[in-house]
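Read through the structure below, which is laid out as structure tokens, and then see the notes.
Fair warning: this is a prediction, and the values are worked out from it, not measured in the lab. Lettering follows sequence order; numbering is per chain, from 1.
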Amino acid sequence: MNAEKVIFSFIVVLALTLNFGFFIGEMVDPTHHNIYELFATIFVNFLATGLKLGDRTQVGAVLLSTSLVANLQLIAAAAVWGYVVNFSGTGLTTENMSMIVSLAGGALIANVISVVMLVTETLMSRR
Amino acid sequence: MSASQLDRVSFIVLRHMRTPLIILVCVYAICILGMVLMPGLPDANGNTTYMSFFHAYYFLAYTATTTGFGELPGEFSNEQRMWAVVCLYISVVTWLYAVGKIISLVKNPHLQSAIEEARFARAVKRKSRDFYIVCGFGDTGSLLIRGLDDAGLSAVVLEADAERIKALELRDYKSKVLGLCADATVPRFLLDAGIERTNCVGMLVLTSNEEVNLKIAVATRLLRPDLKIICRSTSLVNEHEILAIGGDIHVVDPFSIFASYLSMIIYNPTMHTLNEWISGAVGVRLDRNICPVYGKWILCGYGRMGRVVYKKLMSKNIDVTVIEPSVDNISKISEHAILGRANTETLERAGIDEAVGIVAGTNNDTFNLNMLHTANQMNPQLFSIVRQNNHQDEILFEKANVDYIMQPSLVIARIVLFSITAPLLKAFFGHLRELFIQDRNALADIMARLEREVGGEKPLIKSIVINHSSTKAVCQHLFLDRDVKLADLYRDPANRDEFLKAVPMVHKRRGVLTILPPADLKLHLGDELLFCMKKQDKHLFMASLNNQYTLEYLITGKEPARGSLFRWLERKGFA
């Protein structure tokens, strides 16, 4: 067992699980999507990106790019949330909520790819 | 496409289309002008109207091509209708004439071959991978291309027989093999095949015509002084002439190679089995016990190949009796020869009862099969070796009760293939041949090692060079001044105390060859290595050589940190 492997896998899987937790629920219902969960998802995703930096293999490069995609989508979701509540004043209408959740859904896919690659690589090395 | 080819195609098209084009232009001009001049129906003010040039052209366009939309843009006057009839007949006939010309042009064989050539040259030009030019797509050529394709190498083919090129197009190769039906002795076709391109890495001349082979080899050397040439030749005179061309040139003589293979089965079956095993012949394993068949042999056929076999066997002190129908051929060896075709009577005289084996080596498959059948009836204990000349007769030979079938085309294809994919293999076999004479126990040890550490059927022969493109991770380690030992390369990535099923056969550094290099040999940049390994292990092996983390684990036994953060922590001594 190797400390890097444990921490790395923990963070990557946590990023996925938090993202899923935020995404699940009635799409247009703001009470089903907790803002603190979105915050945690963004934080853990950034952490995962940081851990992925510096791996010089091909797999490492793809892992990093999936993380970047997830970050981009989640930031966009957070930006929409902030804008509709604080600036435009429309609040969390059904249209706005569905936009936020669908952006988080895209990030979820990127996180799934990341975890699948992590598992595959671990199985391939057979150690 | 070069300028000359484009010129050729456009020249043929223009020359054929000149007359119909001129006639068409004239007819259109007359018809349009007539239509414009014909007075039409009067307009609302009673003035005679005339058709514009545009409308006249429009009318003619649909009339001449027999589309016939009717009277457009408005109703015609009788004068216009009269002229329309004239237009219709002459323009339709002219159109039919022009179309007929176009069809005959498309069917013109010269144009077709010019287009084929241009298309081939363009496709070759687009090739980005290294490729070989193969001249001659006979039995040997097609087996060789199959082998090259399996090894992931690319080739283009020049073949004079149109039927063979059609056969090439129907093969299911992994990557498309380009072929052109052309006489390779014409230098222009060699240029089409990309001989001057830097990614053309070799010329394989395999036609069955000696003169042609020589000519291609000479032309190749003049066009590309540095190119590797492998040339087939069956006569000694020709061979000397080809070798005199100089540069990186190799001659393969199917008869002498075939004869050495054949004699190897008889006096050195161990080596022959190893050879077959490395070549990946079906059902060949190293763990079978093979004994040489010593005793009296009968050789049927004393032509070009029979002569070489006879000489080889005689030099190994094997008793041979020849059966040959031509008097001239056997005049020099009359005490060891019997005149006549191989039949019950001649086989009897050759002493088939006390013979241990028979070689049916004529260049006629029917004779070979027939004489084996006769011989087997007379002495069922015989060890029989037969020469199969035609690849298509495979089914018959499999049914015949034969101990060993040899195909010259297959043997040549293998030799050429190995000289391309694994040039170090020759040195390995040279070493084994020496051992066979000096120390047979050492030879047996090598066989045992290959069986123990690789084993099974159809091993993979893999050449690697320690450089940036093929073994990135190894180079990175060498740059950091860390030692990489030979054994580290083929440790099992799942458990470094175990090894992959692989044996390093030859190591080459600055021209110095080491056969079966020791496991603790320290590798340098630019070293060449030849491995014999199980096919399944190839991907793991190549992955270890290119993934620095896996390689570091194999060398040190420790899993290195991958991310920058953990590397930093590791340096600080935290993890």
Side-chain angles (χ1 to χ4, degrees), chain A residues 1-19 40-72 74 110-111 113-127, chain B residues 468-480 482 488-502 534 536-575:
Chain A
M1 210 165 70
N2 169 319
E4 185 192 5
K5 284 261 180 299
V6 176
I7 298 169
F8 185 77
S9 316
F10 173 78
I11 299 289
V12 170
V13 174
L14 187 64
L16 171 66
T17 50
L18 283 171
N19 194 339
T41 309
I42 294 174
F43 170 66
V44 176
N45 262 290
F46 269 81
L47 217 53
T49 314
L51 291 183
K52 284 169 181 177
L53 289 173
D55 187 339
R56 296 185 200 118
T57 54
Q58 286 243 21
V59 175
V62 180
L63 276 175
L64 181 62
S65 65
T66 56
S67 245
L68 292 175
V69 169
N71 286 344
L72 193 72
L74 289 171
N111 272 321
I113 294 172
S114 183
V115 170
V116 167
M117 288 192 64
L118 181 74
V119 172
T120 316
E121 212 215 350
T122 313
L123 292 179
M124 291 278 279
S125 80
R126 302 191 303 181
R127 285 201 283 275
Chain B
H468 258 283
S469 55
S470 61
T471 57
K472 214 172 90 208
V474 180
C475 287
Q476 276 163 347
H477 270 86
L478 292 175
F479 271 119
L480 295 170
R482 294 185 196 152
D488 293 331
L489 298 188
Y490 58 100
R491 287 179 190 279
D492 189 347
N495 177 6
R496 70 182 289 276
D497 298 328
E498 305 271 319
F499 289 91
L500 295 175
K501 291 264 186 196
K534 263 214 177 304
Q536 303 89 288
D537 285 355
K538 180 190 157 195
H539 291 293
L540 282 176
F541 178 71
M542 288 317 287
S544 310
L545 297 184
N546 285 295
N547 186 319
Q548 63 181 106
Y549 303 115
T550 315
L551 190 69
E552 193 164 332
Y553 165 76
L554 294 183
I555 294 171
T556 62
K558 272 205 314 204
E559 185 86 16
R562 292 195 163 196
S564 305
L565 176 68
F566 284 93
R567 264 207 298 280
W568 179 75
L569 285 174
E570 216 171 57
R571 272 202 301 278
K572 297 275 168 196
F574 283 117

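A salt bridge does not link B:Glu570 with B:Lys558: every distance from a Lys NZ or Arg NE/NH1/NH2 to an Asp or Glu carboxylate oxygen is 4.0 Å or more.
Side chain of B:Asp537 to backbone of B:Lys501: a donor-acceptor contact under 3.5 angstrom is found. Proximity of a side-chain donor or acceptor of A:Ser67 to a complementary backbone N or O of A:Leu64 within less than 3.5 Å is not detected.
For A:Lys5, the NZ atom is densely surrounded, since the number of other residues' heavy atoms within 6.0 Å is greater than 12.
Contact annotation for residues 45-60 of chain A against chain B (heavy-atom separation below 4.5 Å, listed by residue number): A:Leu51, A:Leu53, A:Gly54, A:Asp55, A:Arg56, A:Thr57.
Looking at heavy atoms from C-beta onward, B:Ile555 lies out of side-chain contact with B:Arg482 at the 4.5 angstrom threshold. Side chains of A:Val44 and A:Ile11 form a contact here, defined as non-hydrogen atoms less than 4.5 Å apart.
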